[in-house]
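Every chain is numbered from 1 and lettered A, B, ... according to where its sequence line falls, protein lines coming before strand lines. Below, each value reflects all heavy atoms present in this structure, side chains not excepted, and no hydrogens, waters or symmetry copies.
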Number of protein chains: 2
Amino acid sequence: MTAERTGTSAPAGPPSTRLRNTRQAEALESILREADGFRTAQDLFAELRRRGDRIGLTTVYRHLATLAEQGSADVVHTADGESQYRLCGVPAGTGKPAEDHHHHLVCRQCGRSVEVSGPEVEAWAERVAAAAGYTEISHTLEVFGLCPEHSSTAG
Amino acid sequence: MTAERTGTSAPAGPPSTRLRNTRQAEALESILREADGFRTAQDLFAELRRRGDRIGLTTVYRHLATLAEQGSADVVHTADGESQYRLCGVPAGTGKPAEDHHHHLVCRQCGRSVEVSGPEVEAWAERVAAAAGYTEISHTLEVFGLCPEHSSTAG
DNA sequence: GTAGCTGCAAACAATTTGCACACCG
DNA sequence: CGGTGTGCAAATTGTTTGCAGCTAC
């Protein structure tokens with residue numbers, strides 16, 4: 001599974017995403033923090049370049065993959081098949097990062113997202129799976145909608 | 001670059017799978033019926049060819065898109081980003097196709113799937129969305145696991 | 001000084017599209 | 001005979017990989 005917890009007590013240090021602390025890696029994490037919601041790798045890359053950061057698309061993809069692999073970032077796939085990333089763990093690391101399985105409510109317009117946890121959904125998935133005799137259940141749930149600011153209240 | 005969608009002139013016709021009854025269309029539907037679970041377009045295409053049917057990849061994609069568009073087929077996206085298709089509605093069309101929103105429990109091994117409906121999940125999605133002030137909610141839920149035949153009960 | 005990090009460009013795979021022709025009706 | 005479904009191959013697009021140089025440590 002993905003519940004890898006090596007450190008007992010999280011030090012107040014920076015996230016060891018990679019062995020070396022490079023400017024590119026920091027720039028990427030920085031922009032990921034600024035982003036309110038999910039962004040595509042291409043989008044992140046473009047914005048990084050716009051900010052004047054010298055970084056390559058390859059590096060963006062590589063860091064994104066690393067972040068996702070270690071659970072520091074969430075990945076959702078749009079209907080287009082594009083991968084959208086977003087920092088997931090708690091940056092300040094005061095307590096515990098998102099160790100729990102949760103999902104996201106993503107705005108179709110701005111990509112702004114809200115983390116939501118649905119224990120009942122998990123339970124439901126387990127139940128229907130068990131009813132069908134399926135084991136080793138995993139699920140992907142993505143909720144899309146329009147955030148308050150982009151909701152067209154006036155018809 | 002940007003996703004420019006120019007094809008907006010879609011003739012609003014009746015829910016016909018295809019205008020003409022061609023051998024290729026029948027072959028595709030036939031193999032879709034045989035398939036117990038979700039299959040990728042490439043896979044479907046390969047099997048069609050294996051059976052001796054003369055059909056092009058393009059045609060497979062086109063029919064799959066049509067079927068999905070009219071709701072006769074379901075589409076799920078694997079983590080790889082590949083699109084998997086499966087006949088969803090009632091083939092003979094005697095009653096009514098799956099007009100209701102439902103999800104699938106797909107086997108990781110054989111792709112065999114079971115249709116499941118989770119009214120509570122729908123309700124949950126609506127609720128958390130409303131709580132966050134989101135509107136026009138839509139969601140994608142895919143449950144993966146191992147079917148009874150592929151479950152490794154004996155460790 | 002080394003080794004991991006970076007980045008350009010080519011490789012890659014899935015999917016779409018243009019265009020000419022065959023086939024359905 | 002007409003229109004459109006078909007199919008090949010090229011174009012597109014998002015992502016990965018090879019390799020040579022740079023940089024952090």
Side-chain angles (χ1 to χ4, degrees), chain A residues 13-31 38-70 73 75-85 111, chain B residues 1-11 13-14 16-31 38-70 72-73 75-85:
Chain A
S16 316
T17 305
R18 63 279 159 188
L19 291 317
R20 284 188 186 177
N21 192 35
T22 63
R23 170 179 41 230
Q24 291 88 339
E26 277 193 30
L28 179 57
E29 285 188 38
S30 168
I31 208 159
F38 284 85
R39 307 289 293 271
T40 65
Q42 311 269 350
D43 193 22
L44 254 10
F45 168 67
E47 191 144 334
L48 244 11
R49 278 294 182 89
R50 192 180 307 159
R51 294 204 330 187
D53 287 304
R54 269 190 63 73
I55 192 174
L57 219 203
T58 310
T59 304
V60 173
Y61 272 109
R62 264 194 279 240
H63 278 286
L64 251 22
T66 303
L67 288 167
E69 197 170 307
Q70 70 187 209
V75 194
V76 302
H77 293 87
T78 62
D80 284 28
E82 283 180 278
S83 302
Q84 294 188 308
Y85 303 81
Chain B
M1 286 302 211
T2 40
E4 288 288 319
R5 190 71 3 142
T6 32
T8 28
S9 53
S16 304
T17 305
R18 69 264 176 184
L19 291 316
R20 286 190 183 177
N21 191 36
T22 63
R23 178 181 7 241
Q24 289 89 339
E26 276 192 31
L28 179 58
E29 284 188 39
S30 168
I31 208 157
F38 284 84
R39 308 287 294 273
T40 64
Q42 309 271 348
D43 193 20
L44 254 11
F45 168 67
E47 191 143 333
L48 244 12
R49 279 294 181 91
R50 191 180 309 158
R51 293 204 332 188
D53 286 306
R54 270 189 61 75
I55 192 173
L57 220 203
T58 309
T59 303
V60 173
Y61 272 108
R62 263 193 280 239
H63 277 286
L64 251 20
T66 303
L67 287 168
E69 197 170 307
Q70 70 186 209
S72 295
V75 194
V76 303
H77 293 89
T78 61
D80 285 29
E82 282 182 278
S83 302
Q84 295 188 308
Y85 303 80

Given C:dA14, D:dT15, C:dG7, the nucleotide with the shortest approach to the side chain of A:S83
D:dT15
Nearest listed nucleotide, side chain of A:E82, among D:dG7, D:dG14, D:dG18:
D:dG14
Looking at B:G56 and B:F45, what are the two nearest heavy atoms and their distance?
C-CE1, 3.6 Å
Roughly, in whole Å, what's the span from [atom1] in [X] to [atom2] in [N]?
X	N	atom1	atom2	value
A:E26	C:dC5	CD	C1'	14 Å
A:R23	D:dC22	CZ	P	14 Å
B:Y85	C:dA14	OH	P	12 Å
A:F45	C:dG7	CZ	C1'	9 Å
B:R39	C:dA14	CZ	P	15 Å
A:H77	C:dA13	NE2	P	18 Å
A:L28	C:dG7	CG	P	11 Å
B:L64	C:dT15	CG	C1'	11 Å

A:Q24-A:D53 side chain donor-acceptor pair, cut-off 3.5 Å:
no
Does one side chain, of B:Q70 or B:S72, offer a donor that lies under 3.5 Å from an acceptor on the other?
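Per modelled atom types, B:Q70 and B:S72 side chains form a pair under 3.5 Å.
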Among all residues two or more places apart in sequence or in another chain, which pass the side chain to side chain donor-acceptor pair (under 3.5 Å) test with A:T59?
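With neighbours one apart ignored, the set is empty.
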For A:E82, check side chain to side chain donor-acceptor pair (under 3.5 Å) against everything at least two apart and list the hits.
none
Below 4.0 angstrom from OP1 or OP2 of [N], is there any side-chain N or O of [X]?
X	N	result
B:Q42	C:dT15	yes
A:H63	C:dT6	yes
B:T22	D:dT6	yes
A:T40	D:dG14	no

If the test is side chain to side chain contact (heavy atoms under 4.5 Å, CB included), which one of A:H63, A:Q84, A:R39 qualifies with A:L44?
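Going through A:H63, A:Q84, A:R39 one by one, the side chain to side chain contact (heavy atoms under 4.5 Å, CB included) with A:L44 is satisfied by A:R39 alone.
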Could you give the angle between the helix axes at the two ends of the helix from C:dG1-D:dC25 to C:dG25-D:dC1, with five pairs per end, rounded to 10 degrees?
30°
Hey, what do you get for CD1 (A:I55) to OG1 (A:T22), rounding to the nearest 0.5 Å?
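Atom-to-atom, A:I55:CD1 and A:T22:OG1 are 7.5 Å apart.
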For DNA chain C, the residues among residues 46-58 of chain B that have a non-hydrogen atom under 4.0 Å from it
B:L57, B:T58
Of all residues at least two apart in sequence or in a different chain, which pass the salt bridge (Lys or Arg N to Asp or Glu O under 4.0 Å) check with A:R62?
none
Tell me every residue that passes salt bridge (Lys or Arg N to Asp or Glu O under 4.0 Å) with B:R49, counting only those two or more places apart in sequence or in another chain.
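Counting only residues at least two positions away or on another chain, B:R49 forms no salt bridge (Lys or Arg N to Asp or Glu O under 4.0 Å).
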Between A:R62 and A:A41, just flag the one whose closest nucleotide in DNA chain D comes earlier from the 5' side.
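The answer here is A:A41.
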Test item: B:L64 and B:L28 side chains (from C-beta on) under 4.5 Å apart, heavy atoms:
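Contact flag for B:L64/B:L28 side chains = yes.
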